[in-house]
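For this chain, numbers begin at 1 and follow the sequence in order. Worth knowing before you read on, the calculation uses all heavy atoms, side chains too, and leaves out hydrogens, waters and symmetry mates.
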Amino acid sequence: MALVKTRGLVVRVVDYGEKDRILTVLTEDFGLITAMANGSRTLKSRTLIAAEQFCYSQYILFKNKDRYTVREVELIESFFDLRTDIERMALAGYLCEVVSHVGTENMPDVPLLRLTLNALYAISRGSYPLWQIKGSFEIRAAAILGFMPALNACDRCGEEGADVVLDVMNGVVICEKCRNLQSAEEREAELDGSKSAISCFLRPGARAALYYAVECPLEKILSFRLDDAEEQRNFAYVAETYLLNQLETGFKTLDFYKSIISV
Ligand SMILES: [Zn+2]
């Protein structure tokens, strides 16, 4: 048994017994871990305030083989303002579900943690539109997880300026000209809906914004503007489609978020 120190973000909370909670925490040093927070549901508990979803804290943990127990916790940021608005909270819940799905134990993933904290700060402050925070998170998370899309030039001919579609499963763009040269066989594969042929039309502004969100320094990920509503919708659609297809899953929290914003 050892005492270890790390910082981490609570992405999931499950009540356990009468007084305890099991926290899923994306940590700086140990990747995604589950940690028992004993007595965290009792009012006297020192861990009460930090044993909530979205809380980012400094931890001292007991580590016994692969099991962690919270010994001490000091709250750094609670993202309190997330909880004042159902749309913001629903989006934050979706980002946390993505993290708890892709995180790996014993694999520190500092970029993923920083990306998520960045997004939660932005949602909490209301400093950027939610579609922009969501899409930037999705496309950058895909890149961090090893599915970096090559958006700059046509995969076939290298042309940079032309209109393109994104070949979602292969993470490459293909220009109109090269698409028209596709063999009948390839077109047929697309028509029968096989997984290898999901493609999205990319508007120029959306493409530039996605390229920026993938390539820019992480702390500047939201420093772009996309004013046209059609471009915004295209950006949001492509980012979401890309991440979900790479992860080969859907998320209940995403369905919930969408059910709220469509009202
Ligand atoms: Zn081409």
Can [X] and [Y] be counted as an ion pair, charged N to O under 4.0 angstrom?
X      : Y      : value
Arg12  : Glu97  : no
Arg83  : Glu52  : no
Lys258 : Glu240 : yes
Arg225 : Asp227 : yes
Arg203 : Glu230 : yes

Stepwise side chain to side chain donor-acceptor pair (under 3.5 Å) test for Ser124 and Asp81: CA-CA 5 Å; Ser124 173; Asp81 289 339; 4.5 Å; no

With side chain to side chain contact (heavy atoms under 4.5 Å, CB included) as the test, would you mind laying out the steps for Leu26 and Leu112 before giving the verdict? CA-CA 9 Å; Leu26 182 64; Leu112 184 63; 4.3 Å; yes

Minimum-distance pair of heavy atoms, taken over all atoms of [X] and [Y]:
X      : Y      : result
Tyr242 : Gly171 : OH-CA, 3.5 Å
Cys216 : Arg140 : O-NH1, 2.7 Å
Arg7   : Ile76  : CD-CD1, 4.0 Å
Ser136 : Ile221 : O-CD1, 3.7 Å

Taking it one step at a time, do Leu113 and Leu9 satisfy side chain to side chain contact (heavy atoms under 4.5 Å, CB included)? CA-CA 8 Å; Leu113 177 61; Leu9 173 73; 3.9 Å; yes

Flag the pair [X] / [Y] as yes when at least one side-chain heavy-atom distance between them is below 4.5 Å, and no otherwise.
X      : Y      : result
Tyr68  : Asn64  : no
Leu61  : Thr69  : no
Lys19  : Asn38  : no
Met169 : Asn245 : yes
Thr104 : Leu32  : no
Gln132 : Leu222 : yes
Pro111 : Asp109 : yes

Tell me if the aromatic rings of Phe79 and Tyr56 count as close, with their centers under 6.0 Å from one another.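 No, they do not, as the ring centres are separated by 6.0 Å or more.
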
For [X] and [Y], indicate whether the former's side chain and the latter's backbone hold a donor-acceptor pair under 3.5 Å.
X      : Y      : answer
Arg21  : Ala51  : yes
Asp167 : Asn170 : yes
Arg207 : Asn152 : yes
Asn234 : Phe201 : yes
Glu87  : Ile261 : no
Gln53  : Val11  : yes
Arg88  : Leu82  : no
Glu28  : Gly8   : no

Does atom CD of Glu176 have more than 12 heavy-atom neighbours, drawn from other residues, nucleotides or ligands, at distances under 6.0 Å?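 Yes - once you tally the heavy atoms of other residues, nucleotides and ligands closer than 6.0 Å, there are more than 12.
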
Would Cys154 and Lys177 satisfy side chain to side chain contact (heavy atoms under 4.5 Å, CB included), going step by step from the backbone distance to the final call? CA-CA 10 Å; Cys154 172; Lys177 208 171 71 193; over 6 Å; no

Taking side chain to side chain donor-acceptor pair (under 3.5 Å) as the criterion, tell me which of Lys252, Glu138, Lys134 meets it with Tyr94.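 The passing option is Glu138.
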
What ring-ring contact (aromatic ring centres under 6.0 Å, His included) pairs are there with at least one residue in residues 122-155, not counting sequence neighbours? Trp131-Phe235

Please assess Leu23 against Thr34 for the test side chain to side chain contact (heavy atoms under 4.5 Å, CB included), listing each intermediate value before the final yes or no. CA-CA 5 Å; Leu23 311 180; Thr34 52; over 6 Å; no

